[in-house]
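Worksheet for the structure shown next.
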Amino acid sequence: MKHTVFALGLVALAAPAFAQTLGATQIEAEGKVLVDRYVVLFNKGDVAGLAKDVYAGADTAALEAQFKELRADSFGKLEAYSAGFCSIDADHGKALLKFARIYTFGGKMNDDEAKAFDLVKTPAGWRVAREADASFDSTLSC
C-alpha cells in the first residue's frame, strides 16, 4: 500500500514537469483555454460572457458597438489560425492570436489579422488586460 501511494505521488509530481518537457508551459495551457473561450464567445457576440470570462475590466459599451458594427457588415465568425503565449512573470503574460473574420456568406471580411493580448492572472484565472491590433506577420516576444 505504501509503495502504491508513493508511486502515485511521484506520478502527480512528475506530470507537470513531463508536460513542460513536451513544450506545454502553464501559460500555454491556461492561455489556450482563455483564447478558445474568447473565440467561442466572440462568435456568439456574447458581450456579457466576454466581459465576465475573458476581459479584466471590459468596456461593455465598446464591445456592444463593435458587435453592432460587425453584424451590420454580415460578420459570420472568427476563424482562429494559431495562438502563441509567453510568460512575463507568474501573474502576467502575453498572447498573439492570428485569425480571419469570415462573412456569413463566406469569404474573409479583411485580410488575415492578428491581435496582441496582455494577460493578467486573476483569482478567476487568466484574463485579457489589454488588446491591440497587430500585423499578421508579428511574432510574440516577452
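Computed from a predicted structure; not experimentally measured.
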From L50 atom CG to Q66 atom CD, the distance as rounded to the nearest 0.5 Å: 9.0 Å

For L96 and A114, work out which heavy atoms get closest and say how close. CD1-CB, 4.3 Å

For residues 53-62, pull every pair meeting side chain to side chain donor-acceptor pair (under 3.5 Å), keeping only residues two or more places apart or in separate chains. Y55-E131

Contacts table for residues 134-142: side-chain donor-acceptor under 3.5 angstrom, sequence neighbours left out:
residue, atom, partner, partner atom, Å
S135, OG, D137, N, 3.4
S135, OG, D137, OD1, 2.2
S138, OG, S135, N, 3.3
S138, OG, S135, O, 2.8

Quick one: salt bridge (Lys or Arg N to Asp or Glu O under 4.0 Å) partners of D91, sequence neighbours excluded? none

Shared hydrophobic cluster for M109 and F99 (ILVMFWY, side-chain gaps under 4.5 Å): yes

By ring pair (Phe, Tyr, Trp, His ring centres under 6.0 Å) - contacts of F67 (at least two apart): F42

With sequence neighbours excluded, what pairs up with D133 under the salt bridge (Lys or Arg N to Asp or Glu O under 4.0 Å) test? K115

Considering all heavy atoms of both residues, which atom of A129 and which atom of V120 are nearest to each other, and what is their separation? CB-CG1, 3.9 Å

Exercise: identify the closest heavy-atom pair between F117 and L97: CE1-CB, 3.8 Å

By salt bridge (Lys or Arg N to Asp or Glu O under 4.0 Å), R127 pairs with (sequence neighbours left out) none

Can you give the donor-acceptor pairs under 3.5 Å from side chains of residues 71-88 to other protein atoms, not counting sequence neighbours?
residue, atom, partner, partner atom, Å
Y81, OH, D112, OD1, 2.7
S87, OG, D89, O, 3.1

Pairs flagged by disulfide (SG to SG under 2.5 Å) wherever residues 102-138 is involved - sequence neighbours left out: none

If you count every heavy atom of other residues, nucleotides or ligands that lies below 6.0 Å from K98 atom NZ, does the total exceed 12? yes

Partners of R130 by salt bridge (Lys or Arg N to Asp or Glu O under 4.0 Å), sequence neighbours excluded? D118

Under a 4.5 Å cut-off applied to non-hydrogen side-chain atoms, are L119 and K121 in contact? no

Kindly say whether T25 contributes a backbone atom to a donor-acceptor pair with the side chain of E28 at under 3.5 angstrom? yes

Same hydrophobic cluster for V39 and L34, using side-chain heavy-atom links shorter than 4.5 Å among ILVMFWY? yes

Side chain to side chain donor-acceptor pair (under 3.5 Å): pairs with one or both residues in residues 38-48, sequence neighbours excluded: none

Disulfide (SG to SG under 2.5 Å): which pairs involve residues 27-59, sequence neighbours left out? none

Which residues pass the side chain to side chain donor-acceptor pair (under 3.5 Å) test with N110, sequence neighbours left out? E113

